[in-house]
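To keep things clear, I will list the structure first and then write my remarks on it.
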Amino acid sequence: MTFDKIYQYNFPTTIRFGAGSVKELGDYLVKNNLSKPLVVTDPTVSQLAFFKEIVEQLKRKNISAEVFYDIHKNPVKSDVYKGGDQFDATKRDCIVGIGGGAALDVARAIVLRIHHREDLFKYDDLIGGDVYVTNEVPHFITVPTTAGTGSEVGRSAIIADDVTHQKKILFAPKLLAKMVFADPGLTMELPAAVTAATGMDALTHNMEAYLAKMPHPLCEGIALEGISLIHQSLEKAVNGPDLESRSKMLIASLMGAIAFQKGLGVVHSLAHPLSSLLDTHHGLANAVNIPYGMEFNIEGFEFKFKRIARTLELKNETGEAVVQYLTDLNSKIGIPSRLRNIGVKQEHIETLSDLAFADFAHPNNPKPVSRNDFKKLYQKAL
Ligand SMILES: NC(=O)c1ccc[n+]([C@@H]2O[C@H](COP(=O)([O-])OP(=O)(O)OC[C@H]3O[C@@H](n4cnc5c(N)ncnc54)[C@H](O)[C@@H]3O)[C@@H](O)[C@H]2O)c1
Ligand SMILES: [Fe+2]
């Protein structure tokens with residue numbers, strides 16, 4: 001690690017973590033003179049018992065929650081516009097995102113939309129749009145209900161174009177939640193398949209962040225501990241969940257998102273095109289690709305893989321052993337080993353390779369990835 005210039009490190013979010021913490025939401029709003037939240041969630045979560053209970057609890061404190069849940073699995077711009085219109089029409093005073101990464105991303109994009117009324121994609125970070133995020137934003141609170149993206153502590157939202165499905169990143173430090181209520185109790189009923197896919201997303205964040213180029217020892221420490229917690233708990237959280245495994249997964253997913261301000265890498269660039277092109281769930285796309293992407297990264301970074309292997313308590317402290325661990329873990333938690341098992345066909349490979357090469361994540365990969373590398377990796381994983 002060389003410190004060749006001045007780097008900025010940020011760890012600003014306040015997090016209330018623990019079973020039952022969501023019960024503090026009402027008092028928090030009252031204390032901050034907020035009484036008219038737009039609660040942003042997704043169609044599935046809006047029907048779950050815990051969600052209805054949160055809304056009821058708010059009512060008991062004279063807080064009228066307006067619920068917006070009309071969003072896509074991979075969120076699109078029109079979802080954000082609809083939510084923004086509902087905020088205005090019902091004269092809301094803050095935004096509470098409750099859900100997985102999709103709902104939290106839409107909530108965050110609505111936070112931006114309220115006082116930034118140009119076309120949403122003008123604020124796309126990849127074209128330098130973050131400089132236009134200059135106005136105030138509504139008070140924003142997040143409540144994660146999956147343990148994967150860590151979007152609750154993130155400062156970006158991934159929103160796709162309705163027509164092209166191309167994913168854009170809205171990014172600004174202002175888009176950080178002011179308060180996170182991370183309550184593992186809310187993840188207790190998460191189905192096994194979702195637990196597995198989202199959990200592998202969290203593992204990918206921690207591993208890619210640890211390996212990413214930027215010198216950032218704070219994030220590296222967090223990422224290694226995140227890997228360790230997932231090692232201790234993911235299989236249990238999928239195959240026989242208890243509060244301990246759910247708690248470890250929730251904190252580890254949050255840690256992954258804190259760590260990846262350092263950067264992500266080749267696996268996320270392999271995964272993103274699967275969601276844009278085939279609507280594959282983000283976590284599942286990472287899960288299937290991670291053994292192949294990590295194998296690609298070993299050469300030249302053996303010393304880093306040795307530390308990952310140690311963290312995973314592997315007998316052989318090598319990159320190859322780490323890759324085998326990932327393959328075995330996927331199999332134990334029901335993740336398919338091949339892209340063809342999740343709908344990828346030979347004819348998709350060229351387009352996927354173009355999209356992966358154009359993706360924003362791999363420039364932070366510890367070593368460069370060419371278009372041809374992506375093609376070879378997809379071919380191998382097919
Ligand atoms: N902002 C970021 O930094 C960032 C990073 C990675 C991914 N993402 C985005 O996050 C999204 C994926 O998020 P995700 O993996 O959390 O999936 P998700 O939000 O799509 O949720 C997965 C499924 O689980 C259901 N669900 C959520 N909580 C539940 C609960 N407690 N009990 C039962 N079912 C529940 C949802 O309704 C959904 O059907 C993608 O849109 C991706 O682009 C954002
Ligand atoms: Fe991710």
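Every heavy atom of this structure was used, including side-chain atoms; hydrogens, water molecules and symmetry mates were not. Both counts, for ligands and for their atoms, begin at 1 and track the order of listing.
- By the 3.5 Å distance cut-off applied to N or O atoms, His205 is not counted among the residues near ligand 1.
- For Gly283, no nitrogen or oxygen atom sits less than 3.5 Å from a nitrogen or oxygen atom of ligand 1, counting backbone and side chain alike.
- The aromatic rings of Phe357 and His362 lie parallel to each other, their planes meeting at an angle below 30°, with 60° marking the opposite boundary.
- Counted by atom type alone, Asp93 and His139 present zero donor-acceptor pairs between their side chains at under 3.5 Å.
- Following chains of ILVMFWY side-chain contacts shorter than 4.5 Å, one can reach Leu284 starting from Ile333, so the two form part of one hydrophobic cluster.
- The shortest N/O to N/O separation between Asp105 and ligand 1 falls below 3.5 Å.
- Side-chain atoms of Asp359 and Ser269 form a donor-acceptor pair, as typed in the model, at a separation below 3.5 Å.
- Phe87 and Ile63 are not part of a single hydrophobic cluster, where members link through side-chain heavy atoms under 4.5 Å apart.
- Relative to atom 43 (O) of ligand 1, the option among Lys167, Gln47, His268, Lys73 with the closest non-hydrogen atom is Lys167.
- Contact annotation for Phe51 and ligand 1: no heavy atom of the residue comes within less than 4.0 Å of the ligand.
- Electrostatic pairing of Arg307 and Glu220 does not count as a salt bridge here, judged by no charged N lying under 4.0 Å from a carboxylate O.
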I'd like a table of donor-acceptor pairs (distance under 3.5 Å, sequence neighbours excluded) in which one partner is a side-chain atom from residues 95-120, with atom names and distances.
unit_1, atom_1, unit_2, atom_2, d
Asp105, OD1, Ser151, OG, 2.8
Asp105, OD2, Ile158, N, 3.0
Arg108, NE, Gly154, O, 3.3
Arg108, NE, Leu175, O, 2.9
Arg108, NH1, Ser151, O, 3.2
Arg108, NH1, Ser151, OG, 3.0
Arg108, NH1, Ser156, O, 3.1
Arg108, NH2, Ser151, O, 2.5
Arg108, NH2, Gly154, O, 3.0
Arg113, NH1, Glu118, O, 3.4
His116, ND1, Leu112, O, 3.0
His116, NE2, Thr134, N, 3.2
His116, NE2, Asn135, N, 3.0
Arg117, NE, Arg113, O, 2.9
Arg117, NE, Ile114, O, 3.4
Arg117, NH2, Asp88, OD2, 2.6
Asp119, OD1, Lys77, NZ, 3.2
Asp119, OD1, Phe121, N, 2.9
Asp119, OD2, Lys77, NZ, 2.9

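- For His281, the closest heavy-atom approach to ligand 1 falls below 4.0 Å.
- Distances shorter than 4.0 angstrom do not occur between any heavy atom of Met188 and any atom of ligand 1.
- Here Lys248 pairs with Glu244 in a salt bridge; the nearest charged N to carboxylate O distance falls below 4.0 Å.
- Some N or O of Ser156 is nearer than 3.5 Å to an N or O of ligand 1, by distance alone.
- For Phe181, the ring pair (Phe, Tyr, Trp, His ring centres under 6.0 Å) partners are Tyr28, not counting sequence neighbours.
- Counting heavy atoms under 4.0 Å from ligand 1, residue Thr145 touches it through both backbone and side chain.
- Summary of contacts: the protein heavy atom closest to atom 36 (C) of ligand 1 is Asp42 OD2, 3.2 Å.
- Pairs of residues two or more places apart, or lying in two chains, that qualify as ring-ring contact (aromatic ring centres under 6.0 Å, His included) and include a residue from residues 224-259 are His231-Tyr325.
- Within ligand 1, the atoms closer than 4.0 Å to a non-hydrogen atom of Phe50 are 31 (N), numbered from 1 in the order shown.
- At a 3.5 angstrom cut-off on N or O pairs, Arg108 does not count as close to ligand 1.
- For a threshold of 3.5 Å applied to N or O pairs, the pair formed by His282 and ligand 1 contains no separation below that value.
- A donor-acceptor contact closer than 3.5 angstrom is absent between the side chains of Thr327 and Asn330.
- Residue contact check for ligand 1: Ser151 places a non-hydrogen atom closer than 4.0 Å to it.
- Less than 2.8 Å away from the Fe ion (ligand 2), the protein contributes these N/O/S atoms: Asp201 OD1, His205 NE2, His268 NE2, His282 NE2.
- A donor-acceptor pair shorter than 3.5 Å can be found between the side chains of Asp201 and His282.
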**Q.** Check against side chain to side chain contact (heavy atoms under 4.5 Å, CB included), Arg340 and Gln346
**A.** CA-CA 9 Å; Arg340 73 173 96 99; Gln346 184 62 43; over 6 Å; no

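- Counting heavy atoms under 4.0 Å from ligand 1, residue Pro75 touches it through the side chain alone.
- The closest donor-acceptor contact from the side chain of Asp162 to the backbone of Ser78 lies under 3.5 Å.
- In Leu48, the part holding a heavy atom less than 4.0 Å from any atom of ligand 1 is the side chain.
- Closest to atom 5 (C) of ligand 1, if we only count protein heavy atoms, is Thr149 CB, 4.0 Å.
- Remark: the Asn316 side chain and the Glu320 side chain contain no N/O donor-acceptor pair separated by less than 3.5 Å.
- Counting heavy atoms under 4.0 Å from ligand 1, residue Pro191 touches it through the side chain alone.
- Close N/O approach between Ile158 and ligand 1 is not found [any backbone or side-chain N/O within under 3.5 Å].
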